[in-house]
2 protein chains.
Amino acid sequence: MKNNLRERREQAGESQGDLAVAVDVSRQSINAIERGRYDPSLELAFKLARHYDCAIEAIFDPELAD
Amino acid sequence: MKNNLRERREQAGESQGDLAVAVDVSRQSINAIERGRYDPSLELAFKLARHYDCAIEAIFDPELAD
DNA sequence: CCACTCTGTAAAGTGTGCTTTACAGTAAAG
DNA sequence: CTTTACTGTAAAGCACACTTTACAGAGTGG
């Protein structure tokens, strides 16, 4: 699943560590999600969307059904 | 995390089995999610939202931050 | 040169999302 | 009474989301 986390984070002037603290996960988790190693849990997706004040759908994209 | 899956499903006149087939998971998974035993993965949340033609936020609610 | 920040990555461990198989209870329909 | 459809639940197993600790490389600033 694609996401634009990195773009949003950089535009917000945050480091991976900053964001990790803000949504209460490890820096490695943020890094892994940005790099597409795995998808976040639904709960973390909600926290990220709330942090960037947008819809989950605005950050994550299932990129064509399966 | 709260959700209104059961209401939506019943209003759509579907059984748990119908929905399970539609979003390609087991009937037990649908049952567990409806009964709040666990939250779906982000991907499954997307499939459910697409199935009911609504936003993820319209089905799931993180019910007050932690 | 040294300290500091940021990022990438690896390994081992925990919890949980989801699976399959299986059985029990309820309700409607023959 | 028997069958059929739907739901609830349990156990065992696999995959992955996330953790902690740890190390390496690039860039910046003293």
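First the proteins, then the strands, lettered A, B, ... as listed; each starts at 1.
Per the geometry, CD belonging to B/Gln16 stands 13 Å off P belonging to C/dT19, to the nearest Å. Here the C1' atom of nucleotide D/dT9 and the CD atom of B/Glu34 are 15 Å apart, to the nearest Å. To the nearest angstrom, P of D/dC16 lies 15 Å from CG of B/Leu44. In this entry the distance linking OH of B/Tyr38 with C1' of D/dC14 reads 13 Å, nearest Å. Atom CG of B/Leu19 is separated from atom P of C/dC18 by 12 Å (rounded to the nearest Å). Between B/Asn31 atom CG and C/dA22 atom P there is a gap of 19 Å when expressed in whole angstrom units. The nearest whole Å value for the distance from the CE atom in A/Met1 to the P atom in D/dC16 is 13 Å.
In the model, A/Tyr52 has no side-chain atom that pairs as donor or acceptor with a side-chain atom of A/Gln11 under 3.5 Å.
Residue B/Ser41 places its side chain closer to C/dC18 than to any other of C/dC18, D/dT7, C/dT7. Distances from the side chain of B/Arg35 to the nucleotides D/dG8, C/dG8, C/dG17 place D/dG8 closest. Looking at the side chain of A/Ser15, the nearest of the listed nucleotides C/dC6, D/dT9, D/dT19 is C/dC6. Among the nucleotides D/dT9, C/dT7, C/dG8, the one closest to any side-chain atom of B/Arg27 is D/dT9. Nearest nucleotide to the A/Pro40 side chain, out of C/dT19, C/dG8, D/dC18: D/dC18. Among C/dG8, D/dG8, D/dC18, the nucleotide with an atom closest to any side-chain atom of A/Ile33 is D/dC18.
Nearest heavy atoms, A/Met1 versus A/Asp39: CB-OD1, 3.4 Å.
If A/Leu42 and B/Gln28 are placed on DNA chain D by their nearest nucleotide, the residue sitting closer to the 5' end is B/Gln28.
Within the structure, a side-chain polar atom (N or O) of A/Arg6 is placed less than 4.0 Å from OP1 or OP2 of C/dG8. The shortest distance between the side-chain N/O atoms of B/Ser26 and the OP1/OP2 oxygens of C/dT19 is below 4.0 Å.
With respect to A/Glu14 and A/Arg9, no salt bridge is recorded, no charged nitrogen being found less than 4.0 Å from a carboxylate O.
With B/Asn4 as the partner, the side-chain hydrogen bond (donor to acceptor under 3.5 Å, both in side chains) test is satisfied by one option alone out of B/Lys2, B/Arg6, B/Arg8: B/Arg8.
Formation of a donor-acceptor pair under 3.5 Å by the A/Asp18 side chain with backbone atoms of A/Ser15 is found in this model.
Applying the 3.5 Å distance criterion, the base of D/dG8 shares no donor-acceptor pair with the side chain of B/Arg37.
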